[in-house]
Amino acid sequence: MKVCMSKPDTDSTEIQPLVGGGSDARLVEEVRRGDREAFGHLVRRYEERLISVIMRFVRDRETARDLAQETLFRAYERLDQFDPSRRFGPWLFRIGVNLTLDHLRQRKRRIWTNLFSDSPADRVPDPATPDPRQALDLEQEVRAVLDVLPEKYRTVLVLRDLENFSTSEIAAIVNRREPTIRWRLAEARGLFQKVWLRRQQGKSAAAFDEGLSDDLEA
Amino acid sequence: MIWKPKCARYRLLLALEAGHDLDEQDHAELGCHVAQCPACREYRNQVQAGYRALEQAGRAGCSPDTGPSLWPGVKVALSVRQPGAPRELWVGWVPAVALAAACMFLIYIVHTGPSFDEPPRSLRPRQIQSAFEPFAEVAPQNVPGSVSDLPPSMRPVPHWVSDGGWNTPLEPVRRLPTYSTDPRSF
């Protein structure tokens with residue numbers, strides 16, 4: 001299965017070093033020599049995109065900023081492990097995405113703990129309260145569907161279809177081979193389509209969960 | 001509509017095609033198949049609808065308000081950190097090294113400890129030699145008139161023999177009384 005490496009140029013937003021401050025490799029070398037201001041150039045170059053990518057996963061802006069800050073700390077500490085022959089951007093985003101996914105896993109565990117610790121009366125929905133899903137706009141609907149997908153599919157979809165990274169960049173970010181990413185992307189889109197369609201058709205929650213669990217297990 | 005097994009491959013290609021991730025050759029092959037397969041035609045519409053939703057959601061959140069720059073805060077925090085300090089590597093090494101050291105210490109203790117077959121060190125004849133050493137220093141054996149020249153009956157008796165040293169017979173082991181559990185013995 002041969003596929004193109006990237007989308008057409010019209011919507012491609014590959015990680016490009018901005019003008020000013022020199023190339024990424026040169027800045028990294030200067031940071032390694034002790035020039036902290038050079039790291040400031042790298043931070044300003046990537047922070048906006050980094051926060052944007054993290055916000056696709058966590059939604060809350062302050063949490064995304066905290067995670068982005070921690071990502072930059074870790075990148076600074078591990079700069080000796082960075083291979084200068086490779087691009088700095090995907091390496092930085094790999095740290096950020098892994099950190100974000102770890103954060104989400106921990107949050108999920110906390111939610112489960114709270115669910116089991118709450119009294120059953122607290123979990124019964126109030127019939128007088130309208131279903132909050134009715135108020136979701138398109139973006140929130142998409143996010144709700146993405147949340148249902150397994151993590152490996154959700155990550156690829158977010159990076160490719162929401163953030164427009166190329167498949168080669170995604171391969172570098174998630175540390176997998178590019179054919180694996182393309183295969184995973186195709187499966188992820190197919191799975192998203194199934195869930196999206198069922199959600200749009202307004203099937204009952206039981207049928208939705210039942211069919212979805214079958215798909216995810218397959 | 002009839003589902004064909006070979007459609008599975010084309011549906012993966014359709015998913016890639018929706019996001020413009022397919023090359024021209026596969027695109028042409030896919031076009032031929034879709035033209036003959038109504039099920040895949042419908043699937044193409046569904047996949048493209050899903051992709052359009054993703055695309056719109058991506059555009060809606062493409063320029064979020066990320067707030068002020070992180071660099072001032074990062075700069076302050078970095079003042080106490082050094083670049084490239086692999087602290088986390090050490091954190092991973094310490095428990096492993098500590099566990100290995102503890103195992104080696106345990107093995108050493110087990111192999112060098114006294115065996116149950118041997119008497120305790122305090123009862124071994126090494127103490128006898130060490131008890132004679134003061135005499136050997138005072139009167140070497142090759143010097144005329146030394147203790148070794150005296151007949152055995154006239155040799156001085158070491159204190160550990162006279163005051164009940166190792167020659168003193170050990171007290172017999174006291175055995176605890178045993179009780180029969182047979183009810184007929186009561």
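Note that the structure is predicted; figures quoted are calculated from it, not measured. Just so we're on the same page: letters track the sequence lines, and every chain starts at 1.
Looking at Phe39(A), both its backbone and its side chain come within 4.5 Å of chain B, counting heavy atoms on both sides. Looking at Ala68(A), both its backbone and its side chain come within 4.5 Å of chain B, counting heavy atoms on both sides. Contacts of Leu157(A) with chain B are made by side-chain atoms alone, with heavy-atom separations under 4.5 Å and no backbone atom involved.
Side-chain atoms of Glu17(B) and Gln48(B), non-hydrogen and from C-beta on, do get closer than 4.5 Å to each other.
Of the listed residues Glu62(A), Gln69(A), Arg65(A), Glu37(A), the one with more heavy-atom pairs under 4.5 angstrom with chain B than any other is Arg65(A).
Proximity of the aromatic rings of Tyr153(A) and Phe192(A) is defined here by a centroid distance below 6.0 angstrom, and this criterion is not met.
With a 6.0 Å cutoff to the six-membered ring centre and a 45° limit on the axis angle, Arg49(A) counts as a cation-pi contact of Phe165(A).
Side-chain contact, Glu42(B) with Gln46(B): a donor N or O sits under 3.5 Å from an acceptor N or O.
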